[in-house]
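Input: a single structure, listed below in C-alpha cells.
Quick caveat, the model's predicted, so the values are computed rather than measured.
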Amino acid sequence: MGRDVTEVLPGVFRVEDTCNVYVIKAPAHPGAERTGIAVDFGSGRVLDLLGELGLDRLTDVLMTHHHRDQAQGLVRAAEAGIAIHVPPVERELFADVEEMWSARRLHNDYDLRDDRFSLLESVPVAGVVPEYRTARYGGVDVRVLPTPGHTAGSVTYVVGRAAFTGDLVYAPGKVWSLAATQWSYTENEGPAMVVISAELLRREELDVLLPSHGDPMTDPDDALGRLATAMQRYVDFRRPHPWDVRGMLAEPFVEITPHLLMNRSSQSYSYVLLSESGAAMVFDFGYDMSTGILYTSTARQARRPWLASLPALRERYGVTDIEVAVPTHYHDDHVAGMPLLRDVEGTEIWAPSHIAPILAVPLHHDLPCQWFDPIPADRVLELGETVRWREYEITVHDLPGHTLFAAAYEFEVDGHRVLVTGDQQDGSGIPGERQEILNFQYKNRFAIEDYRKSAALYNRLRPDLMVSGHWRPRWVDDAYLAMLTERGDELVSLHHELLPLDRFDLGADGVLCRLTPYHSSVPAGGEIVLTATVRNPWPEKAVAVVEPVLPPGWRREPGAVTLRLPGGGMEQVHLRLGADVVPRRRVRLAVDLTIGDLRLGQHAEALVDVVAEGER
C-alpha cells in the first residue's frame, strides 16, 4: 500500500484526504467485479486509488455528516454513478443546499451552527440512512446509530465490531473541533450531546473506533469514557450550576405515579402510561433527550429526533413494547419523534380526528410549528370517544386554546383521574406569587371563548392531576379550577375591551378568509385548485366578493366570484388556476376580498412551487 492508504482492519482501508475516507471491501465472488463502499468521501481522491485498493469500483458512499471536508468530492461520486446516502436530518444540506445558501440569515445572526461549512452545490442523494437499524450497501451490512454533537445530524456506522464515528471523537478524550459543537449563542446543546452520544456508544460491543480525523482507537470504552468526562467538565464550565448530563441519560423518567412517568429529558415533556403487560403508551414524543431547542434556527438539520431515553425505559421499568403514541396537538416538539418510533419500534400512532389531517398533510393549512414530513395516523380517534388500551379506558376531549387542533386525554391510573393537556396552560401559577399563563397563540387559530370552554371542561371532569407539555404536573384542587375559570373569563373580557366586537366579529386573529392548500406544487403549465374559505363577520347575511390575484403568466376564468354568506357563517369557493410555464419557487397567489361593505383587500395568500416536469 502507498503512504496514504492503510489497511486498518482486514478488508477495511483508510485513505488520507481532507478527512479519513474508509473503504470497506464487499464480499468477493469468483469472476465478479471487485466492489466496495466508502464512509465519507473527502475530495474524492479515493477514486484515483481504486487500483491500489484492489477494486474496480465503489457502489455506495455513506456520509457521517454534511461538512465540506467530508463531502466536497461528492460531485465526483455522482459522476461515477456511486449512490450517495446521508443522515436523515441533514438530507437538505446535500440534496438541496441552495436552499440553505439562499435563505440562511447573515445579518444579525445568532445561529452558530456550522451549516455554512456545507457543499457549495447540491449533489443527487440516493436516500437517507435508517437510524437504529441495519441496511445492506454493496453487500456490506451496516448498522446506523445517531451520534449528534459535532453536528446535530451526525451518525455513526457500525460494521461488525468497528464503528466509523465521523467527528464525534478524534482521540481518547479529544474532539476534532469544539467550535463545531456550539450550535447557538451562549448555549451548550452540542457539547452536552457529545456526552450523551459517547455514553450511548460505549454501550455497544465495539473493538475499534475509526474517526474522520485521527487514528484508530482500539479501546473504545476508554476513549469514549474519557471524552464524556472531559466534555462534561467543559459543559459545567459554561453553566452557572453543574448539569448532570449523564444522570439525565441514566434516569430520564420521573415517576408521577407507579404507572405514569414523565420524560424530563424531552422537549416537550412526554408521558408514558405503563401496562402490567410490559407495554407502554406515550403521550407526545418530540425531541427526546434534548439538550436545548434551537430557537435561533428552525431548519430541519437543527431539529434532531432520536430515541435516546428508550434504553432507560426498558432497563428501569421493564417496558417490552412501546405500542401506541398519541399527540396532544400537531406541533413539532410534540410529534417529531413519532415517525422514528413507528419505524424502529413498530409503534402505532393514534391521532384525534381534527389533528390527524394536519399531521397527514403538512402545510395544507397555514399553521406554525408543523413537522417537515407527513405523519399519517394508524388509528383516528373521534372527539368524545373512549378507547381501550390494555387495562385503561382513555377518553379524548376537544381542547382548543393553545391551538384549534388540540386534544386532552382523560384516564385513571393508580387510583387517580389524570388529564393530559399538552400546552394549554402552564399549570405552575402560585396564588399571590406567580399568575397562571394561558398559552394562546393567534396563529394557532385561538378563539376568544376557548379558555372559558376549557375551564368548564376541567370543572366538569374534575381531574386529580393535570400534566402538560412544558411544566411540572399539577395536582388539582377547587381553588385551581376556580382560578382557571376566572382567567378564562378575564381573557374574554380583555378581547371585548380591545377589539371592535360590538360592530362585527373579526375573531381573535382577524382572519376572515383562508386559502388551502397553503403551500403546494404544480407542474409548469399545469392546473391547481385553491379553496377559499370565507367567514362572515356580520350577524346578518352578507355578500362576499372574491377576486383572485395572480402573477403574470398565470391563467384564470375572468370575473370575480360572488358568495352569499349566512349570518356569522362560512362558505367555500374552489378556484381553478393555470400555472405559468416557467418553473419558480414560492409563487405568491392571493384573493382580494370584500364582505358586505367591509373592504379587506388582498386578505389571504397561498404559496405554490411551479416545478419542471418530473420534479416534485
Side-chain angles (χ1 to χ4, degrees), residues 19-20 64-65 67 69 110-114 117 145-156 163-204 206 208-254 263-267 287-297 302 304 306-309 311-312 315-316:
C19 70
N20 292 331
T64 60
H65 60 288
H67 283 168
D69 55 344
Y110 283 77
D111 181 355
L112 303 187
R113 288 177 304 116
D114 227 357
F117 193 33
L145 298 175
T147 47
H150 185 71
T151 71
S154 293
V155 299
T156 286
F164 302 84
T165 56
D167 280 327
L168 174 69
V169 56
Y170 167 77
K174 295 183 182 296
V175 293
W176 177 245
S177 170
L178 278 172
T181 67
Q182 188 173 12
W183 301 346
S184 66
Y185 215 78
T186 76
E187 294 302 324
N188 277 292
E189 304 100 329
M193 282 290 191
V194 170
V195 176
I196 295 171
S197 293
E199 290 291 347
L200 287 172
L201 204 55
R202 289 180 75 188
R203 300 181 183 185
E204 303 294 323
L206 300 173
V208 61
L209 305 179
L210 300 173
S212 286
H213 296 89
D215 294 322
M217 287 160 268
T218 56
D219 189 345
D221 185 69
D222 174 71
L224 294 167
R226 288 165 63 180
L227 175 61
T229 298
M231 194 63 81
Q232 179 69 64
R233 292 199 303 270
Y234 178 80
V235 169
D236 289 342
F237 182 80
R238 300 198 65 197
R239 291 177 62 88
H241 305 287
W243 183 11
D244 187 7
V245 178
R246 284 184 279 190
M248 182 176 73
L249 178 63
E251 293 286 348
F253 295 97
V254 175
N263 184 346
R264 67 188 179 103
S265 79
S266 63
Q267 174 68 261
Y287 302 110
D288 186 38
M289 200 62 65
S290 172
T291 58
I293 199 75
L294 295 181
Y295 289 113
T296 55
S297 176
R304 176 69 179 268
W306 59 337
L307 308 176
S309 70
E315 295 161 10
R316 176 72 173 81

### Query
Do Pro216 and Leu210 have side chains that get closer than 4.5 Å, going by heavy atoms?
yes

### Query
Tell me, do Leu145 and Leu200 make a side-chain contact under 4.5 Å, heavy atoms counted?
no

### Query
How are the rings of His67 and Phe117 set to each other: parallel, tilted or perpendicular (split at 30° and 60°)?
tilted

### Expected output: side-chain Ser197 to main-chain Pro148 donor-acceptor under 3.5 Å
yes

### Message
According to salt bridge (charged side-chain N to carboxylate O under 4.0 Å, His left out), who are the partners of Arg246, at least two apart in sequence or on a separate chain?
### Response
Glu199

### Query
Looking only at heavy atoms, what is the nearest atom pair of Pro220 and Leu206, with distance?
CG-O, 3.7 Å

### Message
Looking at Thr229 and Arg226, would you say the former's side chain and the latter's main chain have a donor-acceptor pair under 3.5 Å?
### Response
no

### Task
Quick one: list whatever passes salt bridge (charged side-chain N to carboxylate O under 4.0 Å, His left out) with Asp236, sequence neighbours left out.
none

### Message
On a heavy-atom basis, which atom in Pro252 and which in Ala312 lie closest, and how many Å separate them?
### Response
CD-CB, 3.4 Å

### Task
Taking all non-hydrogen atoms of both residues into account, name the closest pair between Arg113 and Ala302 and its distance.
NE-CB, 3.6 Å

### Query
Between the side chain of Arg304 and the main-chain N/O of Ala152, is any donor-acceptor distance below 3.5 Å?
yes

### Message
Quick one: does any side-chain atom of Ser177 pair with a main-chain N or O of Ala180 as donor and acceptor, under 3.5 Å?
### Response
yes

### Message
What's the separation between atom CE in Met217 and atom CG in Leu227, rounded to the nearest 0.5 Å?
### Response
9.0 Å

### Query
Any side-chain heavy atom of Thr165 within less than 4.5 Å of one from Leu201?
yes

### Task
Grab the two heavy atoms, one from Asp288 and one from Ser266, that are nearest each other, plus how far apart they are.
CA-CB, 4.2 Å

### Message
Whether the side chain of Thr147 engages the backbone of Thr156 through a donor-acceptor N/O pair (distance < 3.5 Å, no angle test) should be reported.
### Response
yes

### Task
Kindly state each residue pair satisfying ring pair (Phe, Tyr, Trp, His ring centres under 6.0 Å) with at least one member in residues 211-245, sequence neighbours excluded.
Trp176-His213

### Message
Side chains of His150 and Leu168, heavy atoms from C-beta outward: is any pair under 4.5 Å?
### Response
no

### Summary
Sequence neighbours excluded, the answer for salt bridge (charged side-chain N to carboxylate O under 4.0 Å, His left out) partners of Asp244 is none

#### Entry: Leu112 CG to Glu187 CD distance, which is reported to the nearest 0.5 Å
10.5 Å

### Task
Go through the structure and list residues passing side chain to side chain donor-acceptor pair (under 3.5 Å) with Asp114, not counting sequence neighbours.
none

#### Entry: Point-to-point distance, once rounded to the nearest 0.5 Å, from OG1 of Thr64 to CG of Asp167
6.5 Å

### Message
Taking Ala171's backbone N and O only, do any of them form a donor-acceptor pair with Asp215's side chain (distance below 3.5 Å, no angle check)?
### Response
no

### Query
Residues in salt bridge (charged side-chain N to carboxylate O under 4.0 Å, His left out) with Arg316, at least two apart?
Glu251

### Message
Under the side chain to side chain contact (heavy atoms under 4.5 Å, CB included) test against Val245, which residue among Met193, Met231, Gln232 passes?
### Response
Gln232

